[in-house]
Amino acid sequence: MGILEKIGEIEREIGRTQKNKATEYHLGLLKAKLAKYRQQLLEPTGKAGAKGEGFDVMKSGDARVALIGFPSVGKSTLLNTLTTTHSESAGYEFTTLTCIPGVIEYNGANIQLLDLPGIIEGAAQGKGRGRQVIAVARTADVVIMMLDATKGEKQKELLTMELESVGIRLNRRKPNIYFKPKKGGGISFNSTLTLTKCNEKLCQMILHEWKIFNAEILFRDDCTSDEFVDVILGSRVYMPCIYVYNKIDQISIEEVDRLARKPHSVVVSCNMNLNLDYLLSTTWEYLALVRVYTKKRGERPDFDDGLILRTGCTLEHVVSIGNL
Ligand SMILES: Nc1nc2c(ncn2[C@@H]2O[C@H](COP(=O)(O)OP(=O)(O)OP(=O)(O)O)[C@@H](O)[C@H]2O)c(=O)[nH]1
Ligand SMILES: [K+]
Ligand SMILES: [Mg+2]
């Protein structure tokens, strides 16, 4: 039996057990066991942690949005408000221990919203269930980083660093650098504009570090050496991210205004249902989905049955879907 099943069983038994003097000892033991299993689930070295129990959620719908944030910022409350799925929400940290999927219907599209356990500093190294959470975040089309509006910018900085450390780049374009390792011929370095943050010598030194002595490089943008490293390593994920400041019911209107003006930010109160429409329209915009209506020659288009496509797709995509 997996740890999640054990937890479920104990929770059910606690629910079944009447609270009185005679059951006091039994209930106490059950709660202690529950605490032990919950703790095991959060341990980086625990077997359950390594396997990622409870995180194998199928992709479904037209797009996937992952909710990440510190514990108790209101992620589950958001899922409960926007979808018909229920995820336990409570005032204590690590209420959510697994990945809970819900569906948002918007503009005729089905968007999968994933509630996830809270993550903390050190998540990328395996603290809490951080590694599994980050692995799920990588598979998303958009990340919603939920922040507690009462708690300042520290959470945002820490989470951004955690994601950076595992190769997730938020709200940044893929560096426009052409890079191709070769069999011979040394390193050929070119740029289409004057570089101010990086140069040929630095690139060569970096490449030698990776034991690459033959390659073709073309900078098409004024990129940094960090971005060059990202290109050499590949495996980077460039992810649109919305910073959602929740619990604005707890702060002054001046503070709300200040947070709302930050780049990529949306201010909300999940409890009081404030500004969630705007969060949905922003999410739609960040997903960059478009609806395409097909019609037969001489007939009117069927506006009830559009295709959901990503921005940048071509007519060929539409035709190939139509031929399925
Ligand atoms: N004041 C206020 N409290 C909120 C709001 N949204 C959520 N909360 C409260 O914040 C607490 C934590 O909410 P959860 O939804 O459990 O938070 P979470 O991020 O899912 O927490 P974990 O699963 O433990 O990581 C609960 O007591 C909620 O009622 C809000 O908009 N305003
Ligand atoms: K919580
Ligand atoms: Mg939760």
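Remember, it's 1-based here, ligands and their atoms both numbered in the order they're listed. Computed from a predicted model, the values in this text were never measured in an experiment. For reference, positions follow the sequence shown, starting with 1.
- Heavy-atom contacts of Phe94 reach the following atoms of ligand 1: 24 (O) (cutoff under 4.0 Å).
- Under the 4.0 angstrom criterion for non-hydrogen atoms, Gln250 is in contact with ligand 1.
- Because the distance cut-off is set at 2.8 Å, Ser87 fails to qualify as a neighbour of the Mg ion (ligand 3), as none of its N, O or S atoms comes that close.
- Across every non-hydrogen atom of Ala149 and Ile251, the tightest pair is CB-CD1, 3.8 Å.
- Between the choices Gly69, Gly74, Ala90, the shortest heavy-atom distance to atom 26 (C) of ligand 1 belongs to Ala90.
- The protein heavy-atom contact nearest to atom 7 (C) of ligand 1 is Thr77 OG1, 3.4 Å.
- With 3.5 Å as the limit, one finds a donor-acceptor pair spanning the side chains of Ser76 and Thr96.
- You'll find the ring centres of Phe189 and Phe219 inside the 6.0 Å limit.
- Within the cation-pi definition used here (under 6.0 Å to the ring centroid, within 45° of the axis), Lys156 qualifies as a partner of Tyr243.
- Looking at Ser76, Pro117, Ser72, it is Ser72 that brings a heavy atom closest to atom 21 (O) of ligand 1.
- Shown in contact with Gly91 at under 4.0 Å from a heavy atom are these atoms of ligand 1, numbered in order with element: 27 (O).
- Residue side and main chain included, Thr96 places an N/O/S atom under 2.8 Å of the Mg ion (ligand 3).
- Inclusion of Gly118 in the set of residues having an N or O under 3.5 Å from an N or O of ligand 1 is warranted.
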